[in-house]
Each structure stands twice: as structure tokens, then as C-alpha cells.
Amino acid sequence: MKSPLLSLPGAVPAEGRDEGVAAHYGDLFREQRALADGAGFVDLSHRGVVTVTGDDRLSWLHLLLTQHVSDLPAGQATEALILTAHGHVEHAMYLVDDGETTWMHVEPGTQGDLLAYLESMKFFYRVETADRTDDIAVVHLPAGSIADVPEGAVVRETSHGRDLFLPRAGLESYAAAHGPAAGIFAYEALRVEAHRPRLGFETDHRTIPHELGWIGSAVHLQKGCYRGQETVARVQNLGKPPRRLVFLHLDGSDVLLPGPGTPVRLAADGEEGRQLGFVTTSARHHELGPIALALVKRNVPVDAELVAGNTAAAQEVVVEP
């Protein structure tokens, strides 16, 4: 899904999982500062949009998701996961219900598999699911934004800002009235700063929610059964996750950022030392400089000096060991 906002002046297309929107519009740090100040917006129109309608939608989703949504008030934002039978993270959804429809946005390209799973679980419930990606675009307004919300738009409001579900046909007119636009690089740098995990970036085929700090924000521990709950309960009550998410302050003297998958080791052991984890996302922040998120083994000392590839990295605890 290629965004029409790639025609804006200075737009440089993003690559990889974020292909289809702008990486930046010519000034990464200016765009970050604008978002941090509550100005502008981010084009997230490449993300998948799925809706669920019908009288049973919330009670039905409650059975499938890790989050407690059976009594979700209209307009209240939440997030949820779908796990495999073994408790590994399969889907991450960012939801809001408007009183008639549950709206969710998901990682680009994952909406097809999500819909296939939801359809397979409908049984006798009075629900209808739909892929709305072709006609609905997601736009993010940063926390503190005073921008008007177009009439009829569905709003998902969180402490990090507001996600708007807008008609895709109105995306260009919205941009003209509510600029400046900020690229996905700026959005990602602020996400890393806030220690917020992202499916497909901080996750792999082995990820369980405890490793990324999703317990509480996306996983409710007192709700009824759902697929993968046994693993969640066992780790929560009897053990610890094998890995934990950390935030890294990277040495700013290096020209290149350590990319996703870069090995993380103890600084004392050097590049030949045993791998203790890997970088998941790295970014250049307008105030903090080069930063990253990484997954490391749970028993890595919290005060250990690390290296990501050959870049010195000071860790900050995100998930307690």
C-alpha cells in the first residue's frame, strides 16, 4: 500500500517492513522535535486495518485475545496479542471500540493472516470481520497535539498520542491542513525512547509476552482462558522468561548504527565473546543520540557494560531480570 504522501516535498521512501510510507521528509531531527513538541503527524497508512462488527464482537474477542475486552468502554484504547498454543506472540493489535465497531490496526501485511484466524474462530457468534486497509488509513498525532480531528474519524487515544482511522481518500487533504508531516524514522526513534516493543522488530518465533514487558499493557492476568494462557500463567507464577528487553545508549562516535540482529556481548569479552542477545531496533534520537532496543539473556547483569557488534552500549533495564 503506497501512500500518496510520498509525493510531499522531500519525502524519502522507507524500506523493509515500513515500505509504502516516508522514512523522512528531509530533516529527521526536526521531525522528531516537532513530534516531541506535540506538532505535526505521522503517516501510518501502510498499517493494516481490521474491523469487527456484530452484537457479540467484544465477548467473542475476549475469548481470543490476551486482553480483557468484554466490557471495553466505547472510546477507550487498549492493545492485545494473539498467542500460539505454546504462548509465543503471533499478532499484536491496537484497538478501540466506537460502540458499534471494534477497530484495530496491525503491522503491515499481517492483516490477512489475522483475518484468516479470526474467521476460523467465528463458529456461532454474531460477528463479522473485515479488512479495511484499502479504504481506511491510520494517522498518528503525537501526545500534546491540539490538531482538530476530522468529523467521522475514529480516534484511539493513548498516553503516546492519538491514532486516527481516516478515509484513505481524504489523506492528502488531511496532510495539507495538519502538517508538517514526520516520517517513520522519527516515529520509531520516539518509540525506542519509550521502550515500546513492536511485532516483527522486537519479536521472533520464540517471543513470549513477559520478555518485552507486555504483561499488563497487552496481557491481562485475571481474565478467562485464551490460547497460550497456560504458558503465560506458568511463567508469571513459577518462573522467569529466558530473555528480557533492554534499552541501549550507544557510543555516538560510530558512523553506522548496529542494525537488527547485531550480536550483543559483554564489553569485557570483546567481539569474540559469547553472544548474549541481539539488537532489535536502533535509531538516532534528537536528544539522546544513537539508541537501540535489544533482547538479551535474562541473567545478563543489569550493570554489565555491553557491545553491540563493535559499538559500546550502556544498558538500561526495561524488563526486570
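Being a predicted model, the structure only gives us computed values, none of them experimental.
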_For Asp98 against Trp103, the heavy-atom pair lying closest together_ = OD2-NE1, 3.2 Å
*Verify the cluster assignment for Met93 and Val49: are they in a single hydrophobic cluster under the rule of side-chain heavy atoms below 4.5 Å apart?*
no
*asked:* Can you list, by chain and residue number, the hydrophobic cluster partners of Val232 when the side-chain cut-off is 4.5 Å?
replied: Leu81, Leu83, Val89, Tyr94, Val192, Leu199, Leu212, Trp214, Ile215, Val219, Leu221, Tyr226, Leu245, Phe247, Phe278, Leu288, Ile291, Leu293, Leu295, Val318, Val319
*Would you please test Glu272 and Arg265 for salt bridge (charged side-chain N to carboxylate O under 4.0 Å, His left out) and show each step?*
CA-CA 9 Å; Glu272 302 304 319; Arg265 300 179 170 89; over 6 Å; no
*asked:* With a 4.5 Å cut-off on side-chain heavy atoms, are Arg156 and Arg162 touching?
replied: no
*asked:* Please identify which of these residues, Arg243, Lys240, Arg244, Arg298, meets the side chain to side chain donor-acceptor pair (under 3.5 Å) condition with Glu211.
replied: Arg243
*Taking all non-hydrogen atoms of both residues into account, name the closest pair between Ala304 and Gln315 and its distance.*
O-NE2, 3.3 Å
*Check: Leu65 and Leu95 side chains under 4.5 Å, non-hydrogen atoms*: yes
Could you pull out all donor-acceptor pairs under 3.5 Å where a side-chain atom in residues 35-45 meets a protein atom, sequence neighbours excluded?
{"residue": "Asp43", "atom": "OD1", "partner": "Ser45", "partner atom": "N", "Å": "2.9"}
{"residue": "Asp43", "atom": "OD1", "partner": "Ser45", "partner atom": "OG", "Å": "2.7"}
{"residue": "Asp43", "atom": "OD2", "partner": "Ser3", "partner atom": "OG", "Å": "2.5"}

*side-chain hydrogen bond (donor to acceptor under 3.5 Å, both in side chains) between Arg47 and Thr133, worked out*: CA-CA 7 Å; Arg47 291 184 65 81; Thr133 310; over 6 Å; no
*Non-hydrogen side-chain atoms of Leu171 and Val139 separated by less than 4.5 Å*: yes
*Linking directly or through intermediates, with side-chain heavy atoms under 4.5 Å: list the remaining ILVMFWY members grouped with Val317, chain and number order.*
Val302
*Taking all non-hydrogen atoms of both residues into account, name the closest pair between Ala147 and Leu141 and its distance.*
CB-CD1, 4.2 Å
*Taking atom types as modelled, is there a side-chain donor on Glu202 or Thr281 under 3.5 Å from an acceptor on the other?*
yes
*asked:* Holding to ring pair (Phe, Tyr, Trp, His ring centres under 6.0 Å), I want the full list of residues that pass it with His62, two or more places apart in sequence or in another chain.
replied: His68
*asked:* Are Ile82 and Thr66 packed together at the side-chain level, in the sense that at least one heavy-atom pair is separated by less than 4.5 angstrom?
replied: no
*Determine yes or no for a side-chain-to-main-chain donor-acceptor pair under 3.5 angstrom, with Gln111 supplying the side chain and Gly109 the backbone.*
yes
*What are the two closest heavy atoms between Arg30 and Pro180, and how far apart are they?*
NH1-CB, 4.2 Å
_Taking atom CZ as the centre, does Phe185 end up with more than 12 heavy-atom neighbours from other residues, nucleotides or ligands that are less than 6.0 angstrom away?_
no
*Does a donor on one side chain sit under 3.5 Å from an acceptor on the other, for His285 and Glu193?*
yes
*Minimum heavy-atom distance Thr158-Ala77, with the two atoms named*: CG2-CB, 3.9 Å
_My understanding is that only residues two or more places apart in sequence, or in another chain, count here; which of them pass salt bridge (charged side-chain N to carboxylate O under 4.0 Å, His left out) with Lys122?_
Glu119, Glu128
*Do Arg168 and Asp134 come within less than 4.5 Å of each other through their side chains, counting heavy atoms only?*
no
*Tell me, do Val300 and Leu306 make a side-chain contact under 4.5 Å, heavy atoms counted?*
yes
For residues 19-26, which side-chain donor-acceptor pairs fall under 3.5 Å, sequence neighbours excluded?
{"residue": "His24", "atom": "ND1", "partner": "Gly26", "partner atom": "N", "Å": "3.0"}

_Checking Thr110 against Asp113: is there a side-chain donor and acceptor pair closer than 3.5 Å?_
no
*asked:* Between Tyr125 and Arg57, is there a side-chain heavy-atom distance shorter than 4.5 Å?
replied: no
*Do the side-chain N and O atoms of Asp97 and Thr102 include a donor-acceptor pair separated by under 3.5 angstrom?*
yes
*Please check if Leu115 and Tyr117 belong to a single hydrophobic cluster, counting links between Ile, Leu, Val, Met, Phe, Trp and Tyr side chain heavy atoms closer than 4.5 Å.*
yes
_Taking the side chain as everything from C-beta on, heavy atoms only, tell me whether His88 gets closer than 4.5 Å to Ile208._
yes
